[in-house]
Amino acid sequence: MDILQDTAAALGKRIKAGEVTAVEACEAVLERIRQRDQELNCYITVDEEGALARAEEVQRQLEAGRLTGPLAGVPVAIKDNMNTKGMETTCASRILKGFVPSFTAEAVGNLEKAGAVIIGKTNMDEFAMGSTTETSYFGPVKNPWNTAHVPGGSSGGSAAAVAAGECFYALGSDTGGSIRQPASFCGVVGMKPTYGAVSRYGLIAYGSSLDQIGPLSKDVTDCAMILEAIVSHDKKDSTSVALTETDYTSALTDDVRGLRIGIPKDYFGEGLDPLVKASVLQAVELLAKRGAVVEEFELSLVQYAIPAYYVIACAEASSNLERFDGVKYGYRAKGAEDLHQMYKRTRSEGFGREVRRRIMLGSFVLSSGYYDAYYLKALRTKALIRQAFDRAFAKYDVIIGPAAPTTAPKLGESLEDPIQMYLGDIYTVSVNLAGLPGICVPCGKDHRGLPIGMQIIGDCFEEKKLIRTAYTYECAAKEGGSHE
Amino acid sequence: MSKDYETVIGLEVHVELATKTKIFCGCSTAFGGAPNTHVCPVCSGMPGALPVLNKKVVEYAAAVGLATHCTINQNCKFDRKNYFYPDNPQNYQISQLYEPICQNGYVEIETEAGSKKVGIHEIHMEEDAGKLIHDDWQDCSYVDYNRSGVPLIEIVSEPDMRSADEVIAYLDKLRLIIQYLGASDCKLQEGSMRADVNLSVREAGSAKLGTRTEMKNLNSFKAIARAIANERQRQIDLLEEGRPVVQETRRWDDNQEYSYAMRSKEDAQDYRYFPEPDLVPVVISDQWLQEIKSRQPELRDEKLRRYKTEYQIPDYDARILTSSKKMADLFEETAAICKKPKKVSNWLMVEAMRLLKEENLEPEDLSFSPAHLAALINLTEEGAISGTVAKEVFEAVFREDVDPVSYVEEKGLKADTDADALKKILEQVIADHPQSVTDYRNGKEKALGFLVGQTMKATRGKANPAMINQMLREML
């Protein structure tokens with residue numbers, strides 16, 4: 001059997017059973033990358049030598065019985081906005097090209113402790129700003145299902161790498177949908193955990209109050225396993241939360257009897273592709289057949305989520321990205337005559353268009369005289385959106401809707417009209433504003449063979465309900481045959 | 001000058017807190033390390049690093065707030081102040097704008113017209129920046145982040161001061177409070193306390209405030225006094241000439257006794273403050289606040305009162321003893337050991353102050369141990385050493401913190417109590433000064449003093465004066 005057909009869980013089991021070695025798994029992935037990544041461009045950095053050495057080391061530890069976890073020896077890809085000590089970390093930006101961090105992100109370190117073998121760093125929208133992975137300084141990623149289309153973004157490289165077998169699972173980050181939307185476009189499972197569940201230490205910030213690291217995987221079982229490995233209480237991140245019930249794999253049960261599912265009508269209105277709508281509603285139907293109680297409701301305020309999100313995310317980004325100034329590390333423009341010219345040229349040449357646009361937007365909404373009208377208003381909107389979800393979760397265990405209004409657009413289509421691109425985030429940004437967990441699972445394909453995803457949203461720290469719902473759907477879809 | 005002008009002054013005082021580690025990371029705050037040796041990803045602004053608040057900073061800031069009668073905001077927050085400069089590794093400073101930790105306090109100062117309250121608008125916590133080192137030879141600049149992230153509090157006063165004397169009284173008061181709390185050593189020269197002076201003038205009797213300027217780079221009380229006098233006159237001159245005072249930041253050059261404009265309000269930066277998303281609000285629970293309160297030490301005013309009642313120390317002396325926490329601690333600890341507070345006070349007031357002055361040191365620099373001063377006092381009281389020798393021993397204690405008992409022993413400074421040896425010397429002294437002997441016998445008490453002196457001289461100060469006195473009387 002082709003190793004690459006395995007899920008992370010299956011491979012982990014086979015490695016532990018001695019049927020496959022960590023080195024063989026690593027070589028298989030590297031071979032696939034050699035075959036396909038020239039075209040797909042999922043990776044910015046592939047660390048062949050390091051990965052093989054690490055695989056050998058992990059194999060030794062496995063044989064010595066020092067590594068026993070389910071992910072030991074399984075190759076993983078890391079989005080290039082997470083620090084990896086000694087391995088270039090660029091955020092897909094010219095300004096950080098060649099930057100080698102001195103420490104590893106906590107979430108990545110947690111995976112290493114579990115015996116993960118890091119293959120390399122995946123391509124993304126520059127500084128995670130974008131919904132298509134086309135804003136990368138290193139060129140766009142292509143959708144493995146149809147290379148004329150984008151993989152979504154900003155974790156497009158991670159999602160596409162999982163879909164193309166260029167890794168067994170990947171880490172992404174989600175500020176406004178950057179895990180769930182590319183998962184939807186690439187037909188993989190992607191989860192944004194509750195804000196505070198996974199440490200942000202070592203994640204190069206975009207919107208600090210919204211950013212969260214999460215898994216992209218081949219199925220829900222892998223997702224639960226990875227989540228279990230990366231969730232931790234980290235004293236180095238003040239927003240990290242101490243959790244007790246983190247045995248997420250225990251929620252992998254095919255049972256939604258009595259589960260109350262809310263269907264927000266506002267997520268199924270104008271602008272939603274009819275095929276996407278039909279697929280998601282069909283998936284909900286399967287859950288209803290399994291015993292879930294489904295009800296429609298008005299979530300309200302959905303139209304305010306995008307402006308509130310872009311104001312807050314850009315405001316924080318404008319400040320978070322100030323440290324990239326040519327003084328300490330990364331790109332520095334040559335020939336500047338004084339400090340201010342050096343700053344200006346470095347940042348103008350080092351950042352791409354979309355990043356510059358968001359820095360400008362963010363600086364504007366924070367400037368004196370506009371702060372109250374934009375930033376404070378956005379914060380109030382954020383609080384109201386949270387209240388709307390609180391009301392919903394008083395009635396429902398989970399909320400289900402699409403992850404994106406359409407399937408993956410063609411390359412080049414989105415960049416022409418940034419407003420249209422921003423509006424594509426309509427179903428995902430509220431979850432970040434409210435700090436909630438959300439999972440996206442594949443629920444069909446359109447006539448071009450492009451995947452469709454279903455988004456399941458839960459209340460804070462209710463990841464287990466999401467996993468149970470998603471797992472049950474996965475089982476039901478397998479039984480009934482997929483509805484493509 | 002035809003009109004009468006009033007000077008209105010408010011102060012922004014930055015104080016470096018005496019924590020062992022920085023405000024948002026575990027790096028040392030120690031002075032004098034080689035450049036960039038007390039740094040980590042957090043305080044050097046590396047991508048992906050996150051701040052974690054040092055609780056001790058909150059405790060010190062709250063302690064200063066409590067001692068200055070402020071309201072403690074039990075739910076305060078941090079904000080980011082954005083500006084680009086290479087000494088600021090993130091290009092934003094984590095500070096507090098919207099919800100500072102302390103607000104609405106005051107301190108009482110003594111003025112010629114009696115005591116006066118100076119209002120404190122707020123106290124907030126923030127991080128210090130690094131340091132730029134310019135190399136003119138190579139025409140380039142280096143940056144040292146050792147100071148980056150050192151905790152500061154900024155104490156913002158109300159514009160309640162009217163003269164340089166009031167400003168200095170206020171600063172002195174703050175310094176004493178903070179030193180007593182152990183929150184900082186507050187050294188102006190070394191920069192652990194820095195004051196920016198906001199000053200405006202207005203015609204006497206006017207209720208409206210004039211346009212103010214902010215003066216920076218004031219490194220001593222003298223510089224502050226000179227800068228205030230100079231800026232007051234500069235503004236009055238402008239007004240007299242019918243020209244406006246421009247709201248601006250000025251930099252004082254104490255060598256030239258002149259200030260120049262750094263930047264005006266027009267090109268003032270927009271700091272784009274917003275709540276720091278990487279930190280959670282600082283919740284100071286009632287219990288925590290109670291703990292901080294219960295740890296508040298006795299402050300200067302209380303100590304002053306107690307010295308006068310408990311030790312019967314005169315007001316003037318008590319003021320000097322309490323004018324530095326170090327001195328007061330030394331006094332109390334020594335007095336506790338030797339139980340002779342007045343003697344201790346005497347040594348500190350006279351000899352210690354004299355030596356400090358000679359060495360150009362501050363009371364904070366006193367470094368000898370109370371046990372050694374107590375031992376010295378005991379030696380003197382027992383008559384084991386003479387007053388002259390005691391002063392010599394004190395100098396050794398002051399400079400090298402020697403143990404007086406072994407010092408006296410080693411140097412052979414012990415007062416001679418060998419009666420036979422002394423008797424021989426006395427016989428010689430009597431033989432050498434017949435006139436004095438006659439005078440004494442004729443009732444001139446003074447002559448005895450002369451003979452005692454001669455004996456001390458002959459013994460090189462080692463004899464016990466009381467013993468000489470008694471033996472002389474017997475022999476004569």
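Naming convention: chains lettered A, B, ... in sequence-line order (proteins, then strands); numbering from 1 in each chain. Just so you know, these numbers use all the heavy atoms, side chains as well, and skip hydrogens, waters and symmetry mates.
- Asp270(B) contributes a side-chain N or O that, together with a main-chain N or O of Ser368(A), makes up a donor-acceptor pair within less than 3.5 Å.
- Residues Asn91(B) and Phe324(A) form no side-chain contact, since every pair of their non-hydrogen atoms from C-beta on lies 4.5 Å or further apart.
- No hydrogens or angles considered: a donor-acceptor pair under 3.5 Å links the side chains of Asn320(A) and Arg80(B).
- For Tyr273(B), the part sitting under 4.5 Å from any heavy atom of chain A is the backbone (N, CA, C, O) and nothing else.
- Looking at Phe99(A), the atoms closer than 4.5 Å to chain B (heavy atoms on both sides) all sit in the side chain, from C-beta outward.
- Side-chain atoms of Ser102(A) and Pro41(B), non-hydrogen and from C-beta on, do get closer than 4.5 Å to each other.
- At a 4.5 Å heavy-atom cutoff, Leu210(A) makes no contact with chain B through either its backbone or its side chain.
- Classified by interplanar angle (parallel below 30°, tilted 30° to 60°, perpendicular above 60°), the ring pair Phe274(B)/Tyr375(A) is perpendicular.
- A 4.5 Å side-chain heavy-atom check between Arg200(A) and Leu50(B) finds at least one atom pair inside the cut-off.
- The number of heavy-atom neighbours closer than 6.0 Å to OH of Tyr85(B), taken from other residues, nucleotides and ligands shown, is 12 or below.
- Side-chain polar atoms of Arg272(B) and Tyr371(A) form no donor-acceptor pair below 3.5 angstrom.
- Asp278(B) contributes no side-chain N or O that, together with a main-chain N or O of Ser238(A), makes up a donor-acceptor pair within less than 3.5 Å.
- Between Lys328(A) and Pro89(B) there is a side-chain heavy-atom pair separated by less than 4.5 Å.
- Pairs engaging residues 16-62 of chain B under the ring-ring contact (aromatic ring centres under 6.0 Å, His included) rule: Phe24(B)-Phe78(B) [sequence neighbours left out].
- Residue contact with chain B, scored on non-hydrogen atoms closer than 4.5 Å, involves the side chain of Tyr343(A) exclusively.
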